[in-house]
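These numbers come from the heavy atoms of this one structure, side chains and all, not from hydrogens, waters or symmetry mates.
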Number of protein chains: 2
Amino acid sequence: MTTTEAAVPSLSIGEVAERTGLSVHALRFYEREGLLVGPVQRTSGGRRRYTSFDVEWLLICVKLRESGMPLADLKHFAELVRHGPGNEAERLRLLDAHRQRVDAQIQALEECRSVIAWKVGVYAEHLARGEAGGLWDPTP
Amino acid sequence: MTTTEAAVPSLSIGEVAERTGLSVHALRFYEREGLLVGPVQRTSGGRRRYTSFDVEWLLICVKLRESGMPLADLKHFAELVRHGPGNEAERLRLLDAHRQRVDAQIQALEECRSVIAWKVGVYAEHLARGEAGGLWDPTP
DNA sequence: ATTTGATCTAGACCTCGCTCTAGATCGTAG
DNA sequence: CTACGATCTAGAGCGAGGTCTAGATCAAAT
């Protein structure tokens with residue numbers, strides 16, 4: 001013990017859950033599914049200890065998941081990183097493909113947004129006019 | 001109440017599937033789940049005939065679903081419309097709440113996008129430099 | 001020493017949103 | 001009339017992504 005603690009903080013699963021927004025269940029699930037780059041360290045008593053690298057990786061996972069990357073792709077990415085250098089081109093392809101999907105998703109959402117906003121406007125106007133106006137039903 | 005009888009072509013389920021992008025299975029499923037405003041008309045032989053109103057509504061449903069509205073909310077919206085006028089304020093709330101969620105989603109995606117784009121940049125640069133550079137692993 | 005709370009494993013279970021199957025019927029083309 | 005494809009119903013099945021349970025163990029506080 002003594003001086004080395006500050007360099008490798010080593011968090012418990014609960015602390016990691018707090019920091020990543022994932023539940024402890026999800027953390028264990030991700031590990032089982034092979035979504036982590038390396039095996040999580042354990043204490044003598046068998047409890048998980050996460051390094052800051054683990055947490056960083058998990059934060060990336062969260063971002064990728066948030067943006068709709070399937071767990072399978074995440075797993076693939078983790079495998080690539082796990083096998084070390086030499087496959088950066090593939091990692092790049094994977095990420096870039098995902099970025100493109102995200103772009104498409106943003107575009108689609110913006111289109112939806114404008115359709116919805118227009119509808120909201122229709123209803124708002126209708127209400128403002130004291131609901132006397134003609135609002136035909138299969139909502140215009 | 002509509003002006004043109006000829007403008008109500010009455011489509012089969014297959015045709016509606018084509019036009020909406022939903023499968024025939026999904027169309028029957030949506031109907032069972034009460035996601036449609038009215039009951040779909042039937043031929044004497046029991047086959048569904050969709051009006052252009054049905055199709056319009058379904059196209060709205062598709063947009064709302066695409067942007068992540070759960071079927072339960074869609075059902076609620078359909079119920080409001082089904083019960084006719086008088087609840088426009090609630091319809092407005094429902095749609096506007098969804099619009100806000102979509103906005104948040106777009107924002108989140110844009111954040112993800114920039115994180116990913118940055119990472120793509122890191123890998124690309126690394127590769128351009130002939131992968132001699134230092135790429136530490138839990139992907140920087 | 002005891003209690004309390006966090007964590008452990010393995011595996012069952014859940015929600016969501018469809019998708020598919022089976023077996024019957026309809027309707028049109030030859 | 002016969003075939004054949006589209007449609008019908010009821011209900012089972014599926015894949016994704018977790019979530020939850022049971023029963024045990026660990027670690028810290030009283």
Nearest of [options] to any side-chain atom of [X]?
{"X": "H25(A)", "options": "dT21(D), dG17(D), dG17(C)", "value": "dT21(D)"}
{"X": "R28(A)", "options": "dA27(D), dC8(C), dG27(C)", "value": "dC8(C)"}
{"X": "Y30(A)", "options": "dG18(D), dG11(C), dC8(D)", "value": "dG18(D)"}
{"X": "V24(A)", "options": "dG17(D), dG11(D), dT7(C)", "value": "dT7(C)"}
{"X": "R47(B)", "options": "dC20(C), dC26(C), dA6(C)", "value": "dC26(C)"}
{"X": "R42(A)", "options": "dG18(D), dT9(C), dC8(D)", "value": "dT9(C)"}

Under 4.0 Å between a side-chain N or O of [X] and OP1 or OP2 of [N]?
{"X": "R65(A)", "N": "dG18(D)", "answer": "yes"}
{"X": "T43(B)", "N": "dG27(C)", "answer": "yes"}
{"X": "S12(A)", "N": "dA6(C)", "answer": "no"}

What is the separation between atom CZ on R48(B) and atom P on dG27(C), rounded to the nearest whole Å? 14 Å
Answer yes if the ring centres of W57(A) and F77(A) are under 6.0 angstrom apart, and no otherwise. yes
In short, E66(A) meets C112(B) closest at the heavy-atom pair OE1-SG, 3.7 Å
Taking only Lys NZ, Arg NE, NH1 and NH2, and the carboxylate oxygens of Asp or Glu, determine whether E31(A) and R28(A) approach each other closer than 4.0 Å.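 R28(A) and E31(A): not salt-bridged.
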